[in-house]
Structures are given as C-alpha cells and as structure tokens.
Amino acid sequence: MHDDFSADGWGIETLAIRAGHDRTHEQEHAEPIFPTSSFVYGSAAEAARKFAGEEPGNIYSRFTNPTVRTFEKRLAALEGGERCVATSSGMAAILSTALALLKAGDEIVASRSLFGSTVSLFDKYLGKFGITTRYVELSDMSAWEAAMTPATKLLFAETPSNPLSEVVDIPALAEIARRHDALLAIDNCFLTPVLQRPIQLGADLVIHSATKYIDGQGRAIGGAVVGPDKLLEEVFGVVRTCGPCLSPFNAWIFTKGLETLGLRMKAHSASALELARWLEAHPAVERVHYSGLESHPQHALAKRQQDGFGAVLGLEVKGGREGAWSVIDATRLLSITGNLGDAKTTITHPATTTHGRLSDPQKANAGIADGLIRIAVGLESLDDIKADLSRGLDALA
Ligand SMILES: *Cc1c(COP(=O)(O)O)cnc(C)c1O
C-alpha cells in the first residue's frame, strides 16, 4: 500500500504531497504531529542498543522526531538530494553547515549580494573562529575563479539575488568548486525546488529558510540543508549536539506548506512577471530588476536554469529616496515590511532598511539606488496590487 517516494520517477507535484509520510498504526490520512521531547524503550537492552547507534529509532527530539523526519524526507525528495536535515531557522541551517564542514584556516568565497545576516554570520562569527570569507560579484565567473585559494572549502551563493535579481550560472560555479576541491552551497530560498533544483545543476548543498515560501503564509521560522548523505551526517551531528533543531509543530506547518508550494510558486511567479512588465511601462519607473524580463541582462541564463522567475522584483522610481518613500507610503494594501515569502505582498525600501547599514559607496557598489523599491509579490488580486502602486506612481510620473 505504501509506495516508496524516495524512488525516481514521481512528478514533483506528487512528491510534494506524498513523500516522507510513514503512516502509523492509526492509519491516519494527514501527516501527524508528534509533540514529544523523548521516546521510550521496551527494555533496558533496547535503550542501550539505540544509544549505541546499533539499532535505529527515536531517542530524543533534539536528535530525531517523526514529524521533523517527514518534512526532511519530503524536502529531500523535492530537491533531489540524498538527505535533508531540518533546523530551527534558515540562519541555523547556514551555521550548522559551516560548523559541520569548515575549520579554522578554511576560506569561504561568497557572492556579495547575500542576505544581511548571512554576511554577519560569516564575517563576525565565523571570522572569530578563524574562518575567513571573500566576497565576489555574483555573476562574474572570473572573480569567483580568482578568489579561490588552496584554503577555499566552500562557495556560497543566492541566485537570483535580492533585490536586484542577478543570476549566477550554477553549473559553471559547480565546475569551479569541483576543480578546486571545494563544496558549492546554494541558498535556494527565493525560488524553492519548484522553480530551481541546484543539486541537479551540480551544487553539493542546498540551504533553505523554510520561513519564506515553504511556509508561504508567514507563520513559522525554520530552515533546512539538503545534500549527500556523507556531508549531511556531519550537519546532523551538529544539530543533534549543538541544538538548533526544528520543532515538530513548525515541521508540520512546513510539511503542509510543501503540498501547495507548486501551485503557490507558479502563481507568485505569474503575478510577479505581469507586474514587472506593467511597472516597466510606467512613466514613473526608471528601471525594473526581474530575471523574467527580456530586458534583464541574464534573462537567457535565468530561463535555462530556472523553471520560473520567482516573486521578488526591484524597481527604481523617479525622485530618489523621496520618490520611493512616497510610493511606499501611498500604499494601503501592501505590507511595509522587510519580510518576504508570504501570500501577502510586501514592499520595502532597501537603502534605508535591509541595506541601511551599508555606507554610500558600499550601496553604490551593490547597486542599491536611493530610488530602489523591493516588492515580494503575494497572491492577492493583481488588479488590486497594481491599483495600490498606481496611487503613488501616478503622482510621481
Ligand atoms: C530569510 C533568509 C535567510 C534566513 O532565514 P531565517 O529563517 O530568517 O533564519 C537566509 N537566506 C535568505 C535568502 C533569506 O531570505
């Protein structure tokens, strides 16, 4: 009666709904939640065998939990990876990966356009333990190559980037990593396995903030790492020992989120593309950054390695900071927040929020113009989103 959904040949929509659930003796149809910190044994001998690792089975929910395992197996199936380890947040996924696979003296080469906390984690915290990070322009393959040294053990990138939708050629980056005996990790938070499968494209590891589109409704914080068994066993060791484990309740939310991820990502992407085209034609808009637009310098690459372009777009409006703020402040429907990955559309001014700590030259270098607005397009009526933006944009035009 139970099919093995780890086997090849299932469509991604089927895996998203069916993979990872080992039905219990209760014959439940929906995935159950196991809110239990520990598990009991039939005998002292069984306990001894489980603690010694001689017999599989649950011991304690910092190590394993059946609800968390269902989420891990389902996400591994979707990403096409051997194994997944879930974590308490996206940042915990990145930290656990670094603690598991790097040591003092190792180097990371990363794209400049990373999530802000990732940069702090690399520079401030990993730096304290003798792991150094060098940053390069995401799409500049010769810069990646030039930054490699014998000490480089990890390449780390987000693609497409936030908020400018720059794209890196994942197979080409994987080739550089392989040639230098380093690992390639892709933070796949923005596209999810529905729109991009980095492991198939040659990456070793996929990192997720499940907080974003995997949940999709802004309810829970969580993360995950996906990759080969051998590397993930090390990541698992960090999670079970150091403690950044995912709670069963959040794992259940994410598992149910995965069931609708395909439908949601396609709807997010379709709305974002239509909105990007509409914005590009608006007289108050100077430029739109979205890899789905024909005007995007890497549109051909994005089309080749992605099955869609995601929900996040950047637009530069007339009037610099005042212009951007007037468009944001004229909205009534959109949520003014730095968060994203929600059914609710969000709008933010990167230069004074997510990138506010950067100096002016750093902002210029990162392409964060004063007139830049980031929108993470949600699932409301597109006509309502356009009307909400029109109020400010029409006044600026
Ligand atoms: C939000 C985010 C993270 C961090 O995830 P948390 O769940 O907030 O810890 C990492 N990478 C990207 C691209 C993100 O957007």
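Whatever order the structure lists ligands and atoms in, that order sets their numbers, starting from 1.
At least one heavy atom of Gly222 lies less than 4.0 angstrom from ligand 1.
Between Ser209 and ligand 1, at least one N/O pair is under 3.5 Å apart. Note: an N/O pair closer than 3.5 Å links Gly90 and ligand 1 by distance alone. Polar contact with ligand 1: absent for Glu158 (N/O pair, distance under 3.5 Å). Close N/O approach between Ile94 and ligand 1 is not found [any backbone or side-chain N/O within under 3.5 Å].
Screening Phe115, Phe122, Tyr135, Trp144 for a ring pair (Phe, Tyr, Trp, His ring centres under 6.0 Å) with Phe156, the sole residue that qualifies is Phe122.
Taking the centre and axis of the six-membered ring of Phe254, the NZ or CZ atom of Arg74 falls outside the cone set by 45° and 6.0 Å.
Proximity of a side-chain donor or acceptor of His180 to a complementary backbone N or O of Ala182 within less than 3.5 Å is not detected.
Of the protein's non-hydrogen atoms, the one nearest atom 12 (C) of ligand 1 is Asp187 OD2, 3.4 Å. With respect to atom 4 (C) of ligand 1, the closest heavy atom belonging to the protein is Phe115 CE2, 3.4 Å. Regarding atom 7 (O) of ligand 1, its nearest protein heavy-atom neighbour is Thr211 OG1, 2.6 Å. Summary of contacts: the protein heavy atom closest to atom 2 (C) of ligand 1 is Lys212 NZ, 2.4 Å.
Open room surrounds CZ on Arg357; 12 or fewer heavy atoms of other groups in view lie less than 6.0 Å from it.
No side-chain heavy atom of Glu158 sits under 4.5 Å from any side-chain heavy atom of Cys189. No side-chain heavy atom of Leu154 sits less than 4.5 Å from a side-chain heavy atom of Asp106.
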Would you please test Glu79 and His208 for side chain to side chain donor-acceptor pair (under 3.5 Å) and show each step?
CA-CA 11 Å; Glu79 288 286 2; His208 273 288; 2.7 Å; yes
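Close contacts between ligand 1 and Phe190 involve ligand atoms 13 (C), 15 (O) [criterion: under 4.0 Å to a heavy atom].
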